[in-house]
Participant: 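Sharing a structure, written as structure tokens. Questions coming.
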Amino acid sequence: MKATLPTPHLRSFPSPTPLSFKLSFAFPETRRKSLSISSTPKGTPSPSLAYVPLRVSASSQAAAAPTVNLTAIPTEMKAWVYGEYGGVDVLKLDDKVSVPEVKEDEVLIKVAAAALNPVDAKRRQGKFKATDSPLPTVPGYDVAGVVVKVGSQVKELKEGDEVYGNINEKALEGPRQFGSLAQYTAVEEKLLALKPKNLDFSQAAGLPLAIETAYEGLERTGFSSGKSILVLNGSGGVGSLVIQLAKQVFGASKVAATSSTGKLELLKSLGADLAIDYTKENLEDLPEKFDVVFDAIGQCDRAVKAVKEGGSVVALTGAVTPPGFRFVVTSKGEVLKKLNSYLESGKVKPVVDPRGPFPFTQVDEAFSYIETNRATGKVVIHPIP
């Protein structure tokens, strides 16, 4: 039986507070043994969205935050909800949403952080309504938080574990009605992994859907050591991880990537051997061709002109031109587990957009921002009270 969400209540909200700017990579920290979910303080505001050099600090100070009480799970929670498809204005913050029930193969997570993806906006706009779950919907795919309850058939996870994952096995085929933009969410155990020890919740929340998409896309092309790759939109959520996985996990011989002028140094810091300014150079005029082109921006018709004969072109969005192909990622906790060692060693780093993390009260603002298609890395929501 599907759980039913109450009808969203319309209410007004205070004006959003000014946004601060920072670029967040992996900041090592000691894994917390307690069940407190804490917020990492924001860095010094930056006057622009220009590239901020990679910084790795030896420690991170956490602001005081409430402790998760495993014995006092409420029946209602705060969650962002929409009861009809449409623009950002259909989103409402409701404090009377039922906490989802946990099936035998699921765990209940006290959400600490969540992240937005382009699919979140397209789903809200009704572009997948034929295969969507019933309305009203609590949106959100990516999650990081603490397990507070386990189903009877859960084998590995336990109460108190800090976890992260993409809560929808298939992005477009019946995604969950109760998403991650809420205080609690229920998730199948097989979709989760323990949070990397050196990452905080906001950094971990931005990884799952993007890193799983990057990894599966590379696997589907048969990418392997010694091959070359061109990544279109290398500064985006998926592209920034394709660069790193191609280099650090798959052993690419050469990684090239495109971005606007202000983000070229970011591409180089992530491991790109060649950073291409798309405002000044045309893909059709590049002097070399690549074994794989990973199109994360929607320019497949141009991407196919940069691939070697017999090569592969992955197209995540937009029209597909042969030999380009598209796939819908399958969420797997096993992929996250496999990549955790690369994250914990610092070989692969999360990239959080400079305008975030956005507070939970500004999810609508975060949606508006991601729909500009100008985000660097991932748009994260943190903390979630």
Side-chain angles (χ1 to χ4, degrees), residues 2-11 13 76-100 109-145 164-188 191 202 205-210 212-213 237 328-329 331 353 356-373 375 378-385:
K2 287 187 175 291
T4 302
L5 291 172
T7 302
H9 303 294
L10 299 178
R11 52 168 64 83
F13 303 99
E76 294 182 329
M77 64 180 179
K78 293 180 181 178
W80 283 87
V81 180
Y82 56 88
E84 60 181 320
Y85 295 116
V88 173
D89 59 314
V90 302
L91 288 162
K92 306 298 174 187
L93 181 57
D94 194 327
D95 60 3
K96 297 294 184 181
V97 176
S98 298
V99 172
I109 296 175
K110 174 64 183 77
V111 181
L116 294 184
N117 296 278
V119 69
D120 288 292
K122 292 176 181 178
R123 182 187 180 193
R124 191 206 68 233
Q125 292 162 1
K127 294 185 177 181
F128 313 123
K129 65 173 65 176
T131 56
D132 202 356
S133 58
L135 294 171
T137 295
V138 173
Y141 284 67
D142 287 329
V143 69
Y164 75 128
N166 167 13
I167 71 171
N168 292 300
E169 185 171 14
K170 290 289 188 179
L172 310 181
E173 298 174 19
R176 301 184 73 99
Q177 187 179 14
F178 290 94
S180 60
L181 291 169
Q183 290 179 305
Y184 293 88
T185 193
V187 191
E188 293 171 90
L191 305 183
S202 63
L207 285 167
L209 181 55
E212 288 170 343
T213 300
V328 177
V329 64
S331 177
D353 185 270
F358 286 77
F360 189 55
T361 55
Q362 293 180 9
V363 164
D364 50 352
E365 298 281 333
F367 263 99
S368 294
Y369 178 51
I370 198 171
E371 290 174 49
T372 66
N373 295 318
K378 290 303 296 292
V379 175
V380 173
I381 311 300
H382 176 77
I384 295 178

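For the single chain, residues carry numbers from 1 onward in sequence order. The structure presented is a predicted model; accordingly, all values stated were derived computationally and were not measured.
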Participant: Looking only at non-hydrogen atoms, find the nearest pair between Ala366 and Val379 and report the distance.
Facilitator: CB-CG1, 3.9 Å
Participant: When you measure from the side chain of Lys378 to the backbone of Gly206, do you find a donor-acceptor pair of N or O atoms at a distance under 3.5 Å?
Facilitator: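 Here the side-chain-to-backbone pair exists.
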Participant: Is there a side-chain contact between Val143 and Pro208, using heavy atoms and a 4.5 Å cut-off?
Facilitator: no
Participant: So does Asp364 get a backbone contact from the side chain of Ser368, meaning a donor-acceptor N/O pair under 3.5 Å?
Facilitator: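 Side chain of Ser368 to backbone of Asp364: a pair is present.
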Participant: Taking the side chain as C-beta and beyond, is there a heavy-atom pair between Phe128 and Lys122 under 4.5 Å?
Facilitator: yes
Participant: Is the backbone N or O of Ala112 less than 3.5 Å from a side-chain atom of His382, with the two atoms forming a donor-acceptor pair by type?
Facilitator: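 Answer holds: yes.
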Participant: Please evaluate residues Asp120 and Phe367 with respect to the criterion side-chain contact (heavy atoms from CB on, under 4.5 Å), reporting the C-alpha separation (whole Å), side-chain torsions for both, the decisive distance (0.1 Å), and the verdict.
Facilitator: CA-CA 8 Å; Asp120 288 292; Phe367 263 99; 3.8 Å; yes
Participant: Report the residues that fulfil side chain to side chain contact (heavy atoms under 4.5 Å, CB included) with Ala114, sequence neighbours left out, ordered by chain and then residue number.
Facilitator: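 Ala114 satisfies side chain to side chain contact (heavy atoms under 4.5 Å, CB included) with Ser180, Leu181, Ile384 once adjacent residues are dropped.
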Participant: Listed by chain and number, what are the side chain to side chain contact (heavy atoms under 4.5 Å, CB included) partners of Ser331, not counting sequence neighbours?
Facilitator: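 Once residues adjacent in sequence are excluded, the partners of Ser331 under the side chain to side chain contact (heavy atoms under 4.5 Å, CB included) criterion are Asn166, Leu191, Glu212.
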Participant: Taking C-beta and beyond as the side chain, do Val380 and Phe358 meet within less than 4.5 Å on heavy atoms?
Facilitator: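 Heavy-atom side-chain distance check fails, nothing below 4.5 Å.
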Participant: Indicate yes or no for a side-chain donor-acceptor contact from Lys92 to the backbone of Asp89 under 3.5 Å, with no hydrogens or angles considered.
Facilitator: yes
Participant: Is it true that a side-chain atom of Ser133 and a backbone atom of Pro175 form a donor plus acceptor pair closer than 3.5 Å?
Facilitator: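 Flag set: sc Ser133 to bb Pro175 pair under 3.5 Å.
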Participant: Let me see the working for Tyr141 and Leu116 under side-chain contact (heavy atoms from CB on, under 4.5 Å), right down to the final yes or no.
Facilitator: CA-CA 7 Å; Tyr141 284 67; Leu116 294 184; over 6 Å; no
Participant: List for me each residue that meets salt bridge (charged side-chain N to carboxylate O under 4.0 Å, His left out) alongside Glu76, sequence neighbours excluded, and say none if there are none.
Facilitator: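 If we apply the salt bridge (charged side-chain N to carboxylate O under 4.0 Å, His left out) test to Glu76, skipping adjacent residues, the hits are Lys96.
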Participant: Go through the side-chain N and O atoms of Asp353 and Tyr369 and say whether any donor and acceptor fall under 3.5 Å apart.
Facilitator: yes
Participant: Treating Trp80 as the side-chain partner and Thr361 as the backbone partner, does any N or O pair qualify as donor plus acceptor under 3.5 Å?
Facilitator: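 It does not hold such a pair.
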Participant: Give every residue pair that meets the salt bridge (charged side-chain N to carboxylate O under 4.0 Å, His left out) criterion with at least one member in residues 127-138, sequence neighbours excluded.
Facilitator: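 Matches after skipping sequence neighbours: Arg123-Asp132.
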Participant: Could you walk me through whether Val81 and Thr137 pass the side-chain contact (heavy atoms from CB on, under 4.5 Å) check?
Facilitator: CA-CA 6 Å; Val81 180; Thr137 295; over 6 Å; no
Participant: Residues in side chain to side chain contact (heavy atoms under 4.5 Å, CB included) with Val90, at least two apart?
Facilitator: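 Here the qualifying residues are Tyr82, Glu84, Arg124.
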Participant: For a quick test of reading the model, state the closest non-hydrogen atom pair linking Ala115 to Ala205 and the distance between them.
Facilitator: CB-O, 3.4 Å
Participant: For Val99 and Phe178: C-alpha separation, side-chain torsions, deciding distance, then whether side-chain contact (heavy atoms from CB on, under 4.5 Å) applies.
Facilitator: CA-CA 9 Å; Val99 172; Phe178 290 94; over 6 Å; no
Participant: Keeping to residues at least two apart or across chains, list the salt bridge (charged side-chain N to carboxylate O under 4.0 Å, His left out) pairs with something in residues 165-177.
Facilitator: Glu106-Arg176, Glu169-Lys190
Participant: Measure across Pro385 and Gln183 and return the closest heavy-atom pair with its distance rounded to 0.1 Å.
Facilitator: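 Looks like O-NE2, 2.9 Å.
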Participant: Decide yes or no for Val187 and Ile109: does some side-chain heavy atom of the first lie under 4.5 Å from some side-chain heavy atom of the second?
Facilitator: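 Heavy-atom side-chain distance check passes, below 4.5 Å.
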Participant: Distance from Tyr184 atom OH to Met77 atom CE, nearest 0.5 Å?
Facilitator: 9.5 Å
